[in-house]
Participant: 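Before anything else, here's the structure in question.
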Amino acid sequence: MRTSWADLATNSAPENAGASNTTAPLRPVYVPPHLRNRGASASASTESSSAPRPLNVSTDNNARSRWGAPRNGWGNRSGGWDRREVNPFGDQEDAAEEGAAAFGEEQGNTGINFDAYEDIPVETSGENVPPPVNTFAEIDLGEALNQNIRRCKYVKPTPVQRHGIPISLGGRDLMACAQTGSGKTAAFCFPIISGIMRSQGQPLQRPPRGVRTVYPLALVLSPTRELSVQIHEEARKFSYQTGVRVVVAYGGAPINQQLRELERGVDILVATPGRLVDLLERARVSLQMIKYLALDEADRMLDMGFEPQIRKIVEQMDMPPPGARQTMLFSATFPKEIQSLASDFLSNYVFLAVGRVGSITDLIVQRVEYVQESDKRSHLMDLLHAQRENGVQGKQALTLVFVETKKGADALEHWLCRNSFPATTIHGDRTQQERELALRSFKTGNTPILVATDVAARGLDIPHVAHVVNFELPNDIDDYVHRIGRTGRAGKKGLATAFFNDNNASLARPLADLMQEANQEVPEWLSRYAARSTFGGGRNRRNGGSRFGGRDFRREGSFSRGGSDYYSTGKNSGGYGTSGGYGGGYGPGVTSAWD
DNA sequence: AAAAAAC
């Protein structure tokens, strides 16, 4: 096992004081940006790679000095690998993957139907709602951030950005009903980054905590590890050369490396709830400096049983209360559980609901085929063979196959491999390493078939997925929407094939409705199935298609609806398919603006 | 019913 200064710094706290050769009280406390504002004081050192150095001596004059320079007489503990800030745009292998389309050959944004943006229904409510903007230029985000926006090739803000960013920049709390793929990440990242940059120079209340505790200024919670990783990658692009540091922490991965990253400084912490609770209990992270809190996919997190952890993090640790921080709550839907979360976590919030952008586009051709359980494998094989013959198989044509169970995923993967279709799988029984390897291998086209459970259904942005196969359909139409949303991205066309049989009876109606609304060809047999289906009601039923995930319940004092699931309560107007042009809303160059 | 998530 390798022993480095970083390890020493990580594993031994008290002797840090001894290691210091300054008189400053050596607080292994992260120095927030506003203490780093006045150019680095002398911080160069003679670099000796292995020997422990004084903690407050930085080794890199450039990027590093933004982070490590001691200020106001108390040092930081920036031991360890003094890496320069890696250019998240320059990383050809990984970071470039999702940005690749944006930075590659496809220059110019021809074919983007910006007008489609205007068709997307948006609803806001609350007191004194800050007005939306139409361009990024209208928002004063600062030059560094603007440059990153240009690097990302974001041309025009998406609806959730147009409305949400001014709200957040205006200092207001935000309850946003928006789907994955609506541009949420940028919507909450831009105000956070901009706010942190702005706060530089403010007086610091010195955190009175003990050793090795870090004090992020912003916290972003998300339900799955991969989603956290993805948000982190996005946020790093947005914060490149802004002096704002983003760190991600999630379970299943060695904690020491994450601790080391944290100790190098953290302004924005992106985390899954479990690992964060762990870090909080170890007192390695304190939330008392939190100025911004963003909860992504909140309904998902509640579905997954995270409410206790989330309430613990937000209410029972040392996070400043609502009003003393700025909170952004994102959720695809607005059931009463989320409403109560909103009223507990938010202060005089603005409610924002954005139509189901990006989820269903006419770029996705949806097919449903009646396949008995026993025929599914051979049927899948037929599809894959056909794809291969058409020369679609390969790096540019990835196939994502969804199944319901982890076991089923393993079994199918195994079977595919045995039949000479290189496949891998991602699900919760695999180690995090395996999961990330699988994702990478899929993205690069090494194994162009990925068998997945719903862990991969939401939020993940995998470019070049040409075909989503619902080998087993989900019970919830929303999950279906999210699954097929893994294709038809980046302005490319996508195909979604579903294997339907009697086991999916409860989905017949909502699926038929959904497809109809999306101007898809609904097979005759499915319509008949839907018509005689007794399972049409309940949660899966879309009430003619909700344009929003929810509505600001505060406006409707008389709201009673049986007090039940406030699920899809849009008006009886067309939902998904309304414009049919959502897909056109983003083109090759601006794809990830929607994620 | 299954999936996800800390050690």
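By convention in this document, chain letters (A, B, ...) are assigned in the order of the sequence lines, proteins followed by strands, and residues within each chain are numbered from 1.
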Participant: Is the closest side-chain donor-acceptor distance between Ser441(A) and Thr447(A) under 3.5 Å?
Facilitator: yes
Participant: Given dA3(B), is OP1 or OP2 found less than 4.0 Å from the side-chain N or O atoms of Arg300(A)?
Facilitator: no
Participant: Does Thr453(A) place a side-chain N or O at less than 4.0 Å from the phosphate oxygens OP1/OP2 of dA4(B)?
Facilitator: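 For Thr453(A), the contact criterion (side-chain N or O under 4.0 Å from OP1 or OP2 of dA4(B)) is met.
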Participant: Without decimals, in angstroms, what is the distance between Arg483(A) CZ and dA2(B) P?
Facilitator: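 Spelled out: CZ on Arg483(A) to P on dA2(B) is 14 Å.
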Participant: Report which part of the nucleic acid Gln309(A) touches: base, sugar-phosphate, or nothing (heavy-atom distance under 4.0 Å, all strands).
Facilitator: nothing
Participant: Expressed in angstrom and rounded to an integer, what is the separation of Leu227(A) atom CG from dA5(B) atom C1'?
Facilitator: 13 Å
Participant: So Val277(A), base contact, sugar-phosphate only, or nothing? Heavy-atom distance under 4.0 Å.
Facilitator: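 No contact.
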Participant: Report the distance from atom CG of Asp303(A) to atom P of dA5(B), rounded to the nearest whole Å.
Facilitator: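 My rounded result for the distance is 14 Å.
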Participant: If you check the Thr224(A) side chain, which of dA4(B), dA2(B), dA6(B) turns out closest?
Facilitator: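 Given the options dA4(B), dA2(B), dA6(B), the side chain of Thr224(A) is closest to dA4(B).
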Participant: Looking at the side chain of Asp278(A), which of dA5(B), dA6(B), dA2(B) is the nearest nucleotide?
Facilitator: dA6(B)
Participant: For Ile313(A) and dA6(B), give me the distance from atom CD1 to atom C1', rounded to whole Å.
Facilitator: 11 Å
Participant: Parallel, tilted or perpendicular for Tyr529(A) and Phe500(A), by the 30°/60° rule?
Facilitator: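 The arrangement is perpendicular - the two ring planes meet at more than 60°.
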Participant: Quick one: Ile310(A) CD1 to dA6(B) P, roughly how many Å, whole number?
Facilitator: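 Rounded to the whole Å, the gap is 12 Å.
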Participant: On the nucleotide dA4(B), are OP1 or OP2 found under 4.0 Å from the side-chain N or O atoms that Arg225(A) carries?
Facilitator: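 No.
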Participant: Do NZ/NE/NH1/NH2 and the carboxylate oxygens of Arg284(A) and Asp278(A) come within less than 4.0 Å?
Facilitator: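 No, no charged N to carboxylate O under 4.0 Å.
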Participant: Where does the angle between the aromatic ring planes of His379(A) and Phe499(A) fall among parallel (under 30°), tilted (30 to 60°) and perpendicular (over 60°)?
Facilitator: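 Perpendicular.
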Participant: Given atom CD of Glu404(A) and atom C1' of dA2(B), what is their separation to the nearest angstrom?
Facilitator: 7 Å
Participant: Looking at dA5(B), I'd like to know if its phosphate oxygens (OP1 or OP2) sit under 4.0 Å from a side-chain N or O belonging to Arg435(A).
Facilitator: yes
Participant: If the cut-off is 4.0 Å, is Thr272(A) near the phosphate of dA6(B), judged by side-chain N/O to OP1 or OP2?
Facilitator: yes
Participant: Categorize Gly252(A) for me: base, sugar-phosphate, or nothing, with a 4.0 angstrom heavy-atom threshold over every strand shown.
Facilitator: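 Sugar-phosphate: the residue Gly252(A), judged by heavy atoms under 4.0 Å, touches backbone atoms but no base.
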Participant: Is the shortest side-chain N/O distance from Lys406(A) to OP1 or OP2 of dA4(B) below 4.0 Å?
Facilitator: yes
Participant: Without decimals, in angstroms, what is the distance between Asn475(A) CG and dA3(B) P?
Facilitator: 12 Å
Participant: Run the salt bridge (Lys or Arg N to Asp or Glu O under 4.0 Å) test against Arg300(A) and tell me which residues pass, sequence neighbours left out.
Facilitator: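 Arg300(A) satisfies salt bridge (Lys or Arg N to Asp or Glu O under 4.0 Å) with Asp479(A) once adjacent residues are dropped.
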Participant: Can you measure Met304(A) atom CE to dA5(B) atom P for me and round it to whole angstrom units?
Facilitator: 5 Å
